[in-house]
2 protein chains.
Amino acid sequence: MKRETTEIRQEQIKKAVLDIIFNEGLDRLSTRNLAYKVGITEGAIFRHFKSKRDIILSIMQDVQTNLISDLRTIALSAESAEQRLFSFLCKQCTYLIENKGVTILLFTEAAHMNDRALKEHLREILIEQKSLIGKIVKDGMSEGLWNTKLNVDDVTTMYMGIPITLNIELTLNHERFDRDNFCRRMFSLLQHMLSIQNQKRM
Amino acid sequence: MKRETTEIRQEQIKKAVLDIIFNEGLDRLSTRNLAYKVGITEGAIFRHFKSKRDIILSIMQDVQTNLISDLRTIALSAESAEQRLFSFLCKQCTYLIENKGVTILLFTEAAHMNDRALKEHLREILIEQKSLIGKIVKDGMSEGLWNTKLNVDDVTTMYMGIPITLNIELTLNHERFDRDNFCRRMFSLLQHMLSIQNQKRM
DNA sequence: ACATTATGTAAGTAAGTGTTTATATATCTT
DNA sequence: AAGATATATAAACACTTACTTACATAATGT
């Protein structure tokens with residue numbers, strides 16, 4: 001029997017987790033099925049992770065180190081607020097589309113397991129994203145680009161609806177969802193919302 | 001032992017489902033725990049519902065007949081588009097806040113069970129809501145109230161982010177979430193987005 | 001070449017899952 | 001009051017769950 005290092009097995013196991021969620025649904029995410037997918041026995045799984053919960057936490061950590069750090073780079077770059085907001089939105093959408101399993105896992109498992117640490121972790125990921133968007137919005141206001149009368153927190157709340165809705169539509173509609181220029185279309189609406197305007201009516 | 005009609009037991013069982021989800025998490029939603037909560041034995045559960053899946057489908061049906069019919073009434077009423085949009089949003093938010101268990105159940109169980117019929121049902125609920133909002137938006141445009149250049153589908157997609165985000169924040173933040181005037185604040189942003197405007201910049 | 005260590009397996013654990021069966025009894029109808 | 005029916009129970013069903021144990025062997029360092 002061929003043997004692999006813990007590092008390689010951990011990657012294989014995490015990859016298999018996302019694969020199962022995407023192709024078979026969360027209720028098929030058992031250690032038995034997981035072991036079968038990786039091509040090892042159930043016992044071997046627990047050689048590389050001390051529990052199933054630990055696998056999920058490790059995947060969350062990956063999101064933290066991959067997606068969030070990319071988003072941080074975009075939010076803090078030297079470009080215009082407008083350009084940064086667009087790049088930020090595109091990055092989020094691309095990630096959600098390419099890592100569908102991850103987001104299903106995060107959102108549903110937090111509610112499902114009723115696990116405080118897991119929920120807290122997810123909460124931090126969302127809060128961090130919101131604070132980065134908040135920075136971009138504030139910068140855009142300072143630049144005289146956007147309406148300073150808007151409440152920044154409200155704008156970020158509204159903004160976060162976009163990736164979350166995208167995720168739900170992807171889950172439910174699978175391939176029927178119209179993702180062409182999704183970022184561009186949503187960005188255009190955000191611009192209307194943020195713009196300094198002379199309203200014709202109240 | 002006291003006996004109740006199937007109708008009463010069905011209501012008690014469905015109530016217990018939402019109770020368990022809210023207070024203990026979805027993973028504690030076993031027929032055993034359910035029976036214990038209602039105060040009957042497991043076997044009795046299956047006298048009133050033919051399967052656990054049927055209980056969830058029945059709850060979905062309740063959402064359909066309660067929430068959706070209320071929303072339809074609002075959307076098709078004689079009031080102004082502006083007033084209808086606000087009432088619609090408020091109704092949705094109130095329902096989500098008062099029936100947290102329901103929405104956790106719907107969103108997560110669809111992904112979890114990978115159940116086509118269940119997913120389809122949820123998809124229909126969302127599509128129906130979107131089409132009602134679409135009608136309000138189109139009416140508002142005809143009334144000369146809102147920007148006719150906006151894509152109605154995009155607006156409804158953006159709109160749907162609001163209740164969905166609210167739901168996620170409620171799940172994760174529990175009581176820390178600032179729900180004061182939530183509808184009013186989000187509605188104000190929607191108005192900015194929809195308004196006919198003279199933009200100062202592109 | 002040999003002892004050590006990391007990675008594996010096969011078979012088990014106890015507890016939990018949704019569901020069914022055989023049986024009892026409360027309630028309703030006649 | 002007697003019979004029919006609906007509602008209950010207790011106990012089991014066959015199966016799955018995450019996880020553990022005892023033991024084996026491939027890879028590694030000396």
Side-chain angles (χ1 to χ4, degrees), chain A residues 1-21 24-60 105 108-118, chain B residues 1-21 23-60 105 108-115 117-118:
Chain A
M1 55 216 175
K2 186 74 196 322
R3 295 188 175 195
E4 301 288 355
T5 63
T6 289
E7 287 73 36
I8 288 173
R9 286 297 190 212
Q10 284 182 337
E11 287 310 310
Q12 292 178 332
I13 291 165
K14 287 191 281 189
K15 198 163 174 298
V17 166
L18 301 180
D19 228 69
I20 289 168
I21 293 171
E24 306 179 35
L26 255 167
D27 64 336
R28 298 271 309 145
L29 185 62
S30 61
T31 48
R32 225 201 271 300
N33 193 21
L34 205 43
Y36 170 77
K37 232 72 186 183
V38 176
I40 53 179
T41 57
E42 241 181 311
I45 296 275
F46 292 91
R47 181 107 292 141
H48 306 297
F49 285 104
K50 75 180 240 286
S51 70
K52 191 187 170 188
R53 183 174 173 277
D54 257 42
I55 304 175
I56 291 160
L57 280 171
S58 174
I59 291 174
M60 273 194 165
L105 177 72
T108 65
E109 211 65 351
H112 212 273
M113 313 211 333
N114 211 25
D115 183 317
R116 289 199 81 210
L118 241 146
Chain B
M1 54 215 175
K2 186 75 196 324
R3 300 190 170 193
E4 301 290 354
T5 64
T6 289
E7 287 72 37
I8 289 174
R9 287 296 191 212
Q10 283 182 336
E11 286 310 310
Q12 291 178 333
I13 290 165
K14 288 191 280 189
K15 197 164 175 299
V17 166
L18 302 179
D19 228 69
I20 289 168
I21 292 171
N23 294 313
E24 306 179 36
L26 257 167
D27 63 336
R28 298 271 309 144
L29 186 62
S30 62
T31 48
R32 207 150 293 198
N33 192 23
L34 205 43
Y36 171 79
K37 232 71 186 184
V38 176
I40 53 179
T41 57
E42 245 182 309
I45 297 274
F46 291 90
R47 179 159 302 277
H48 306 298
F49 286 102
K50 76 180 240 284
S51 69
K52 191 187 171 189
R53 183 173 172 278
D54 257 41
I55 304 175
I56 290 160
L57 281 171
S58 174
I59 291 174
M60 274 195 167
L105 177 71
T108 65
E109 210 66 351
H112 212 272
M113 314 212 330
N114 209 26
D115 183 316
L118 241 146

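The shown structure was predicted, so the numbers you read here are calculated from the model rather than taken from an experiment. Just so it is clear: chains get the letters A, B, ... in the order the sequence lines come, proteins before strands, and each one is counted from 1.
- Comparing A:Arg53 and B:Thr5 along DNA chain D, the residue whose closest nucleotide (by nearest heavy atom) sits nearer the 5' end is B:Thr5.
- When rounded to the nearest whole Å, the span between CD of B:Gln10 and C1' of D:dT7 equals 13 Å.
- Summarising the geometry, the separation between CZ on A:Phe46 and C1' on C:dG12 is reported as 14 Å, rounded to the nearest angstrom.
- Distance, B:Gln12 CD to D:dT7 P: 12 Å, rounded to whole Å.
- With values rounded to the nearest 0.5 angstrom, B:Ile40 atom CD1 is found 5.0 Å from B:Arg9 atom CZ.
- Within the model, atoms CG of A:Leu57 and CG of A:Leu118 stand 5.0 Å from one another, a figure rounded to the nearest 0.5 Å.
- Atom CD1 of A:Ile13 is separated from atom CD of A:Gln10 by 7.0 Å, given to the nearest 0.5 angstrom.
- Only at 4.0 angstrom or more do the heavy atoms of residues 24-32 of chain B sit from any atom of DNA chain D, so none qualifies.
- Between B:Arg47 atom CZ and D:dA10 atom P the separation is 14 Å, expressed in whole Å.
- One can place CD1 of A:Ile13 at 13 Å from P of D:dA18, the figure rounded to the nearest angstrom.
- Listed by residue number, B:Glu42, B:Gly43 are the residues of residues 33-44 of chain B with a heavy-atom contact under 4.0 Å to DNA chain C.
- Nearest nucleotide to the side chain of A:Arg3, out of D:dT7, D:dT20, D:dA24: D:dA24.
- Residues satisfying the salt bridge (Lys or Arg N to Asp or Glu O under 4.0 Å) test with B:Glu24, not counting sequence neighbours, are B:Arg28, B:Lys37.
- When the nucleotides D:dA27, D:dC19, C:dG8 are ranked by their closest atom to the side chain of A:Lys2, D:dA27 comes out on top.
- Residues forming a side-chain contact (heavy atoms from CB on, under 4.5 Å) with B:Ile8 (at least two apart in sequence, or on another chain): B:Glu4, B:Thr5, B:Gln12.
- Atom CG of B:Leu34 and atom CG of B:Asp19 lie 10.5 Å apart (nearest 0.5 Å).
- The interatomic distance linking A:Ile45 (CD1) with D:dA18 (P) rounds to 10 Å, in whole Å.
- Rounded to whole angstrom, the span from the CG atom of A:Asp54 across to the P atom of D:dT20 amounts to 11 Å.
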Could you list the donor-acceptor pairs under 3.5 angstrom formed by side chains in residues 41-48 of chain B, with sequence neighbours left out?
{"unit_1": "B:Glu42", "atom_1": "OE1", "unit_2": "B:Arg32", "atom_2": "NE", "d": "3.0"}
{"unit_1": "B:Glu42", "atom_1": "OE1", "unit_2": "B:Arg32", "atom_2": "NH2", "d": "3.4"}
{"unit_1": "B:Glu42", "atom_1": "OE2", "unit_2": "B:Thr31", "atom_2": "OG1", "d": "2.8"}
{"unit_1": "B:His48", "atom_1": "ND1", "unit_2": "B:Thr6", "atom_2": "OG1", "d": "3.1"}

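- Annotation: side chain to side chain donor-acceptor pair (under 3.5 Å) contacts of B:Ser58 (sequence neighbours excluded): B:Lys14.
- At whole-Å resolution of the value, CD1 in B:Ile56 and P in C:dG18 are 9 Å apart.
- Between atom CD1 of residue B:Ile59 and atom CG of residue B:Leu18 there is a gap of 4.5 Å, rounded to the nearest 0.5 Å.
- Checking the phosphate oxygens (OP1, OP2) of D:dA6, no side-chain nitrogen or oxygen of B:His48 falls inside 4.0 Å.
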